[in-house]
Protein chains: 2
Amino acid sequence: MSAHSDLTRNQSLVLDRLEKADAPMSAYAILDQLRDDGLRAPLQVYRALEKLLDMGLAHRLESMNAFVACAQPHCHDSGLIAFAICEKCGQVSEFSDDVVRERLNGWADREGFVVKRTTMEIRGECRACAA
Amino acid sequence: MSAHSDLTRNQSLVLDRLEKADAPMSAYAILDQLRDDGLRAPLQVYRALEKLLDMGLAHRLESMNAFVACAQPHCHDSGLIAFAICEKCGQVSEFSDDVVRERLNGWADREGFVVKRTTMEIRGECRACAA
DNA sequence: GACCACTATGTTATGACATTACACAGCCAA
DNA sequence: TTGGCTGTGTAATGTCATAACATAGTGGTC
Ligand SMILES: [Zn+2]
Ligand SMILES: [Zn+2]
Ligand SMILES: [Zn+2]
Ligand SMILES: [Zn+2]
């Protein structure tokens with residue numbers, strides 16, 4: 001069912017669902033679509049998501065309490081990923097920028113701030129929707 | 001009670017509470033602390049917050065569903081503000097970086113993405129807590 | 001094989017965050 | 001004085017996330 005054979009059943013179900021979605025999904029939306037597969041409680045989804053986030057196979061969009069499958073698995077070890085989210089069609093673009101990363105790290109170094117995790121989300125309209 | 005005479009009563013109450021807090025507050029935490037002032041429902045707080053956000057007097061921290069008073073009101077028309085949030089003591093540092101803004105705008109221009117709003121939140125530990 | 005530690009799972013209940021819907025009051029301009 | 005606009009009060013509901021507890025498989029060690 002999925003190309004991720006090292007995943008558990010629930011993890012595979014959730015990741016598959018995310019990969020087939022054309023927009024970010026909330027945990028409860030995922031759950032609703034996996035009822036037929038035997039999932040019945042939110043925690044089953046949240047637990048699977050937690051692992052997928054750890055593995056970098058999915059991302060959480062803080063600004064909308066939703067989740068997406070990673071667009072370029074294993075391709076962003078930069079430690080800083082930015083998301084552009086179209087509020088009209090839901091399309092999410094994932095990218096990283098070394099200059100931005102440098103600037104933020106520079107600020108943190110000067111301030112003595114120890115960075116654990118950074119989120120960067122741009123909301124707006126994609127080219128197609130803005131036209 | 002507040003230096004913001006153009007605000008309504010509820011807005012002043014909420015902003016005062018945020019300004020006196022030493023860490024971000026959830027809407028419900030604000031509500032709890034304003035019971036004595038007559039506030040009784042979440043919506044009263046959320047409505048006040050909505051206006052304060054519009055006016056730039058407060059900010060929402062998406063990564064923790066909480067709110068802070070703006071640290072430098074009227075001082076960041078850059079349109080892009082970054083927050084560094086200490087997960088230990090709750091201290092929030094607010095800053096902006098023109099280079100970062102340029103880079104993100106550059107990406108958006110190339111992609112034809114129309115930016116409405118950008119959130120940038122760094123989680124970690126401040127100098128004092130990391131020591 | 002018996003044991004133990006570790007990870008995953010299933011289920012119920014609860015907690016935390018946010019909005020919808022409706023009613024009412026004040027203000028100001030037409 | 002009427003109508004539009006903004007702010008307010010209240011109840012009910014919707015949405016997102018976790019705590020607590022019980023169970024089951026897996027793999028290593030003795
Ligand atoms: Zn990714
Ligand atoms: Zn779009
Ligand atoms: Zn500010
Ligand atoms: Zn700290």
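Sequence lines set the chain letters: A, B, ... in the order given, protein chains first and strands last, and positions in each chain run from 1. Worth knowing before you read on, the calculation uses all heavy atoms, side chains too, and leaves out hydrogens, waters and symmetry mates.
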(message) Pick the closest DNA chain C nucleotide for A:Tyr28 and for A:Arg47 by heavy atoms, then say which residue is nearer the 5' end.
(response) A:Arg47
(message) Of the listed nucleotides (D:dC16, D:dT18, C:dC17), which one gets closest to any side-chain atom of B:Tyr46?
(response) C:dC17
(request) With heavy atoms under 4.0 Å as the rule, sort A:Arg40 into base, sugar-phosphate or nothing. (result) sugar-phosphate
(request) Would you please confirm or rule out a distance under 4.0 Å between OP1 or OP2 of C:dA18 and any side-chain N or O of B:Asn65? (result) yes
(request) Could you check whether the rings of A:Trp107 and B:Phe95 sit parallel, tilted or perpendicular, using 30° and 60° as the cut-offs? (result) parallel
(message) Nearest to the A:Lys51 side chain among C:dT11, C:dA8, D:dA17, which nucleotide is it?
(response) C:dA8
(request) Please determine if a side-chain N or O atom of B:Gln44 lies less than 4.0 Å away from the OP1 or OP2 oxygen of D:dG9. (result) yes
(request) By nearest nucleotide on DNA chain D, pick out whichever of B:Gly38 and A:Arg60 is the more 5' one. (result) B:Gly38
(request) Verify whether the ring centers belonging to B:His59 and B:Phe83 lie closer than 6.0 Å. (result) yes
(message) Using the side-chain heavy atoms of B:Ser26, tell me which of these nucleotides is nearest: C:dA18, C:dC17, D:dT10.
(response) C:dC17
(request) Say whether, by atom type as modelled, one donor and one acceptor occur between the side chain of B:Gln11 and the main chain of B:Thr8 under 3.5 angstrom. (result) yes
(request) Please determine if a side-chain N or O atom of A:Asn10 lies less than 4.0 Å away from the OP1 or OP2 oxygen of C:dG10. (result) yes
(message) Nearest to the side chain of B:Phe67, heavy atoms from C-beta on, is which of C:dA18, D:dG9, C:dT9?
(response) C:dA18
(message) What's the closest nucleotide to the side chain of A:Leu43 if the choices are D:dA20, D:dT10, C:dA18?
(response) D:dA20
(message) Would you say A:Thr8 places a side-chain N or O within less than 4.0 Å of OP1 or OP2 belonging to C:dT9?
(response) yes
(request) Look only at the side chain of B:Arg123 and the backbone of B:Ser63, and say whether a donor-acceptor pair between them is shorter than 3.5 Å. (result) yes
(request) Just call it for B:Ala27: base, sugar-phosphate, or nothing, with non-hydrogen atoms closer than 4.0 Å on any strand. (result) nothing
